[in-house]
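Just so it is clear: chains get the letters A, B, ... in the order the sequence lines come, proteins before strands, and each one is counted from 1.
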2 protein chains.
Amino acid sequence: MNVEILCLGILSRSDATGYEIRKQVTEGPFSHFYKAGFGSIYPALRKLSERGLIRCTLQAQEKRPDKKVYAIAPAGRQALAEALRRPPGPDAVRSDFLFLSFFSHLAPAEILREAFDERIAWLRAKIDTMRGHREGCDMSPGEAFTLGYGLAVYEAILAYLESNRDDLGAPNPAPVDARISGAAE
Amino acid sequence: MNVEILCLGILSRSDATGYEIRKQVTEGPFSHFYKAGFGSIYPALRKLSERGLIRCTLQAQEKRPDKKVYAIAPAGRQALAEALRRPPGPDAVRSDFLFLSFFSHLAPAEILREAFDERIAWLRAKIDTMRGHREGCDMSPGEAFTLGYGLAVYEAILAYLESNRDDLGAPNPAPVDARISGAAE
DNA sequence: GGTTGCATGTAAATGGTTACATGATTGT
DNA sequence: ACAATCATGTAACCATTTACATGCAACC
């Protein structure tokens with residue numbers, strides 16, 4: 001499964017520009033299980049157009065350059081359905097964070113602490129926006145399912161990090177009042 | 001973080017051949033957060049050798065071709081430590097399974113059912129071997145942490161799949177006795 | 001007799017990232 | 001004045017996958 005199929009999937013839900021597709025991938029409902037930037041999306045759209053799987057309408061805008069709004073074509077729906085008939089392979093995960101955790105004994109404590117703090121903050125924010133999103137919008141069963149999946153995973157990770165961060169020598173920084181009475185680092 | 005750094009990390013724990021490294025990546029403690037095949041490992045080892053980060057000893061074997069056992073060099077340890085000083089970027093996840101789930105309304109029910117069954121079976125097996133591994137071996141804190149992390153994630157996913165699979169029209173196949181007294185499909 | 005495991009590698013193709021290139025508008 | 005958002009795209013580079021190529025030993 002590649003960026004082209006991803007674009008077909010997104011366009012099967014509603015027309016969009018390359019810019020909007022990228023937004024859906026980086027912030028929207030696909031962000032839990034796919035990444036793609038401009039550098040892969042725009043070429044993918046061009047190729048899909050050339051093969052007749054999507055079509056493109058120029059939309060003039062006031063005070064802005066023209067938009068290229070893409071829409072899925074019948075052949076595109078067919079190609080998407082075809083891709084969806086093939087059993088999915090295993091997930092691909094690559095985590096530099098876990099690599100760092102694995103070799104935490106070789107890393108500076110400060111880097112570890114920072115990495116944990118950042119990740120925990122990120123998880124909290126993500127979980128918050130996802131919960132909000134679940135309430136506000138009405139969703140297809142598929143969208144609700146993947147959102148719930150992502151939430152379940154992020155919540156499990158957050159809980160794990162919060163209760164196990166001390167195991168790696170990346171303990172929480174001393175609370176503020178400890179500094180006043182305690183020793184400096 | 002790339003395969004070269006991964007190899008350095010693995011070799012920092014013990015000497016190994018390319019074949020053994022690949023085994024550790026596909027089945028061992030790294031399998032939860034990294035993938036790599038022969039096609040990327042062997043070239044990585046060659047490059048690391050050329051740059052003097054690892055060294056290689058030929059080990060003759062009876063009835064087998066020679067083994068190339070690699071060991072990390074001081075410069076290699078330094079390079080690893082350096083890589084570990086850089087704060088980790090976000091995780092990269094790519095899941096065809098979630099893509100299929102998202103667009104489940106466009107996919108054949110049979111494919112969905114199969115995908116769920118397979119994934120659930122895979123998760124159960126993985127969780128089992130990981131639990132066994134946790135008991136049997138003594139581990140570095142980092143290894144124990146990442147193992148626990150992987151377990152937490154896999155357990156959360158398994159629980160989610162088991163309780164929500166019906167939402168997508170991929171219900172469990174009818175139990176065996178239902179077939180005897182019930183209607184055919 | 002066939003499959004799995006040990007053991008090493010290369011070449012081509014795929015797929016994606018990063019950096020560059022451009023430019024107006026809106027908000028702080 | 002500066003940053004962010006909207007908006008599109010290309011070119012060079014990077015990393016990884018896939019397929020190929022080889023061969024013996026052990027097990028079923």
- Message: By the 4.0 Å heavy-atom rule, please label Y70(B) as base, sugar-phosphate, or nothing.
- Response: sugar-phosphate

- Item | Face-on cation placement of R94(B) at F33(A) ring, 6.0 Å and 45° thresholds | no

- Task: Just compare dG16(C), dT17(D), dA7(C) and give me whichever is closest to any side-chain atom of K35(B).
- Result: dT17(D)

- Grab the CZ-C1' distance between F38(B) and dA12(C) for me, whole Å please. 20 Å

- Message: Aromatic contact between F38(A) and Y42(A), with the criterion being ring centroids under 6.0 Å apart: yes or no?
- Response: yes

- Note on the structure: Here the distance between atom C1' of dA11(C) and atom OH of Y42(B), to the nearest Å, is 17 Å

- Query: So S31(A) and K126(A), side-chain hydrogen bond (donor to acceptor under 3.5 Å, both in side chains) or not? Walk me through it.
  - Reply: CA-CA 10 Å; S31(A) 59; K126(A) 190 96 187 174; 3.1 Å; yes

- Message: Quick check for you: among dT16(D), dT8(C), dG16(C), whose closest atom lies nearest to any side-chain atom of R94(B)?
- Response: dG16(C)

- Query: Parallel, tilted or perpendicular: which describes the rings of F97(A) and Y149(B), with under 30° parallel and over 60° perpendicular?
  - Reply: tilted

- Query: Does T17(B) make a side-chain N or O approach to OP1 or OP2 of dT8(C) shorter than 4.0 Å?
  - Reply: yes

- Query: Picking from dA7(C), dT8(C), dA7(D), which would you name as closest to the side chain of Y19(A)?
  - Reply: dA7(D)

- Query: Taking only N and O in the side chain of S40(B), is any of them less than 4.0 Å away from OP1 or OP2 of dT17(D)?
  - Reply: yes

- Note on the structure: Sorted by position of nearest nucleotide on DNA chain C, 5' first, the leading residue of G18(B) and N2(A) is G18(B)

- Item | Interatomic distance, D66(A) CG vs dA7(D) P [rounded to whole Å] | 11 Å

- Phosphate oxygens OP1/OP2 of dA7(C): is one of them under 4.0 Å from a side-chain N or O of Q61(B)? yes

- To the nearest angstrom, the CD-P distance between E20(A) and dG9(D) comes to 13 Å

- Task: Return the value, rounded to whole Å, for the distance between atom CG of D96(B) and atom P of dT17(D).
- Result: 14 Å

- Query: Below 4.0 angstrom from OP1 or OP2 of dC6(D), is there any side-chain N or O of K23(A)?
  - Reply: yes

- Among dT8(C), dT10(D), dA7(D), which nucleotide sits nearest the side chain of K67(A)? dA7(D)

- Message: What's the closest nucleotide to the side chain of R46(A) if the choices are dA7(C), dA7(D), dT10(D)?
- Response: dT10(D)

- Task: Take the protein atom CD1 of I5(B) and the nucleotide atom P of dC14(D), then report the distance between them rounded to whole Å.
- Result: 15 Å

- Task: State whether the side chain of N2(B) and the backbone N or O of I5(B) hold a donor-acceptor pair below 3.5 Å, judged by distance alone.
- Result: yes

- Figure out the NZ/P separation between K47(A) and dT8(D), and round it to whole Å. 18 Å

- Send over the distance from R22(A) CZ to dG16(C) P, rounded to a whole Å. 16 Å

